[in-house]
Amino acid sequence: PSARSPSRRSARASGGSMGVVYKAIDRRLAEAEGGQPNVAIKVMAPDYAGHGSAMRALQQEAAKGRYLNHPNIVRFLDLDRCDDQVFLVMEWLDGRSLSDILNEQPGTPMPAGQALEIIAAVGQALAHAHKLGVTHADVKPGNVMVLPGGGVKLLDFGISRARGDLAGKAVSFDSSFLQAATPAYASPQVLAGQAARPIDDVYSLASMAYRLFSGQRVFRDKSAREALENQWRPARIDTLDAKQWRALERALALPQADRTPSADAFLEEMGLVSDGRLTRAGSMAVADRGCRWKDFAGSSRVEVAPVFC
């Protein structure tokens, strides 16, 4: 390893549109008494390593990570390089992706309490990011980690685009060249090639919520763009009360002008948040998570791989 590299041993954990994530041991943290030595290292994919725009995206993920300090967003630690490999260092999460959990029982709704906790956690993470001018642009179950001890984290702002200025440093990147938005959860505007905005994150969050509550994607195997062209509407979810269904249906509105304008507003209309704080219903969803998470949120499976540096 390089002089600065914290990695002593690594194992491949997952791969995504921007690169591969490894589980590694940070020697500096391991030497600190009581420190958590495990970290996640996200290495730029070889296909993008020589692409200037992709490299800027990685640098922007690091820039945003320094300011996105929230309990429901994966914690950023460092941006480093070893020879030609550039990588991000993030907190390691022992848990499972929401996508893996849902795919184990396809077509089965998630229990309401668990679904509401996930929606509240991801919604609060997005609200925090949006206040700092950051749009995630790829909210989906595969970018949500469920922790076995209770807790939910939103991952991978790697294809997000920042709008405005972060702490005086202009950060802007058009991620459309990656074609990374996931059709099942992307708004029709994003699928049409428009730059992702916070209101598009709201649509993606609502699409994910629809799957949690119903066990099905909003338009099954069709995209939101096809739905807009054909003027389709989401099928009613009978297990939601009238207020919850109105909130979900408005967040799923295909024209942006009709859609819930913000993540905060969506959580409020769902009855989970009021004045920026969890309501009784939201607090009950979080408090009721403990014994049930362990049924499906076991530790991540890790495939051993060669040390990259």
Side-chain angles (χ1 to χ4, degrees), residues 11-17 21-23 36 38-40 42 65 68-76 90-129 136 138-158 160 182 184-185 201 204-218 237 239 248 263 266-267 270 272-273 278 281-303:
R12 177 171 174 155
S14 65
S17 61
V21 177
Y22 292 84
K23 181 178 182 179
Q36 165 56 263
N38 292 330
V39 294
K42 181 178 181 180
L68 294 179
N69 183 15
H70 189 274
N72 298 119
I73 296 176
V74 65
R75 186 161 56 93
F76 169 82
M90 300 167 285
E91 67 174 320
W92 172 258
L93 300 174
D94 282 314
R96 297 181 63 200
S97 80
L98 181 57
S99 178
D100 288 344
I101 294 168
L102 293 174
N103 289 337
E104 283 187 347
Q105 294 183 311
T108 303
M110 180 170 281
Q114 295 170 2
L116 289 170
E117 181 190 352
I118 291 170
I119 294 163
V122 176
Q124 289 178 307
L126 289 173
H128 176 75
H136 188 284
D138 196 26
V139 178
K140 60 182 180 180
N143 280 335
V144 176
M145 183 75 78
V146 177
L147 310 183
V152 176
K153 295 268 190 175
L154 180 61
L155 313 176
D156 201 357
F157 281 80
S160 66
T182 305
Y185 301 95
D201 280 349
S204 297
L205 174 60
S207 294
M208 190 173 72
Y210 189 98
R211 186 173 179 191
L212 296 182
F213 288 130
S214 70
Q216 305 290 337
R217 293 182 174 88
V218 183
I237 301 175
T239 54
L248 184 58
F266 175 57
L267 295 182
M270 286 293 295
L272 295 172
V273 167
L278 286 173
S283 298
M284 287 177 64
V286 172
D288 198 27
R289 68 191 176 195
C291 64
R292 297 181 303 185
W293 285 132
K294 65 183 180 182
D295 294 336
F296 61 88
S299 296
S300 305
R301 299 177 178 86
V302 175
E303 173 189 351

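Keep in mind the model is a prediction, meaning the values are calculated, not measured.
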- Message: Between Asn143 and Lys140, is there a side-chain heavy-atom distance shorter than 4.5 Å?
- Response: yes
- Query: Which atom pair, heavy atoms only, marks the closest approach of Leu248 to Ala206?
  - Reply: CD1-O, 3.5 Å
- Check side chain to side chain contact (heavy atoms under 4.5 Å, CB included) between Asn103 and all other residues, then give those that pass, not counting sequence neighbours. Ser99, Arg211
- Pairing residues for Ala184 by the side chain to side chain contact (heavy atoms under 4.5 Å, CB included) criterion, not counting sequence neighbours: Arg217
- Query: Once you round to the nearest 0.5 Å, how far does CE of Met90 lie from CG of Leu155?
  - Reply: 8.0 Å
- Query: Taking all non-hydrogen atoms of both residues, which atom of Val139 and which atom of His136 are closest, and how far apart?
  - Reply: N-ND1, 3.5 Å
- Item | Contact check, side chains of Val39 and Tyr22, non-hydrogen atoms, under 4.5 Å | no
- Heavy atoms only: give me the nearest Ser97-Gly142 pair and the separation to one decimal. CB-O, 4.3 Å
- Minimum heavy-atom separation for Val218 to Ser207, with atom names? CG2-CA, 3.8 Å
- Message: If I take atom OG1 from residue Thr108 and atom CD from residue Gln216, how far apart are they, to the nearest 0.5 angstrom?
- Response: 9.0 Å
- Message: Counting C-beta onward and ignoring hydrogens, is there a side-chain heavy-atom pair between Tyr185 and Leu205 closer than 4.5 Å?
- Response: no
- Message: Among residues at least two apart in sequence or on other chains, which ones pass side chain to side chain donor-acceptor pair (under 3.5 Å) with Glu91?
- Response: Lys153
Please set out all donor-acceptor pairs under 3.5 angstrom arising from side-chain atoms of residues 68-75, sequence neighbours excluded.
from: His70; atom 1: ND1; to: Asn72; atom 2: N; distance (Å): 3.0
from: Asn72; atom 1: ND2; to: Val152; atom 2: O; distance (Å): 2.9

- Point-to-point distance, once rounded to the nearest 0.5 Å, from CG of Leu154 to CD1 of Ile118: 12.0 Å
- Message: If you compare all heavy atoms of Ser214 against all heavy atoms of Ile237, which two are closest, and at what distance to 0.1 Å?
- Response: CB-CD1, 3.9 Å
- Task: Kindly compute the distance separating CZ (Phe213) from CG (Leu116), expressed to the nearest 0.5 Å.
- Result: 4.5 Å
- Query: Distance from Glu117 atom CD to Leu212 atom CG, nearest 0.5 Å?
  - Reply: 11.5 Å
- Could you go through the side chain to side chain contact (heavy atoms under 4.5 Å, CB included) check for Gln114 and Val146 one step at a time? CA-CA 10 Å; Gln114 295 170 2; Val146 177; over 6 Å; no
- Note on the structure: Gly123 and Leu267 have their tightest heavy-atom pair at C-CD1, 3.6 Å
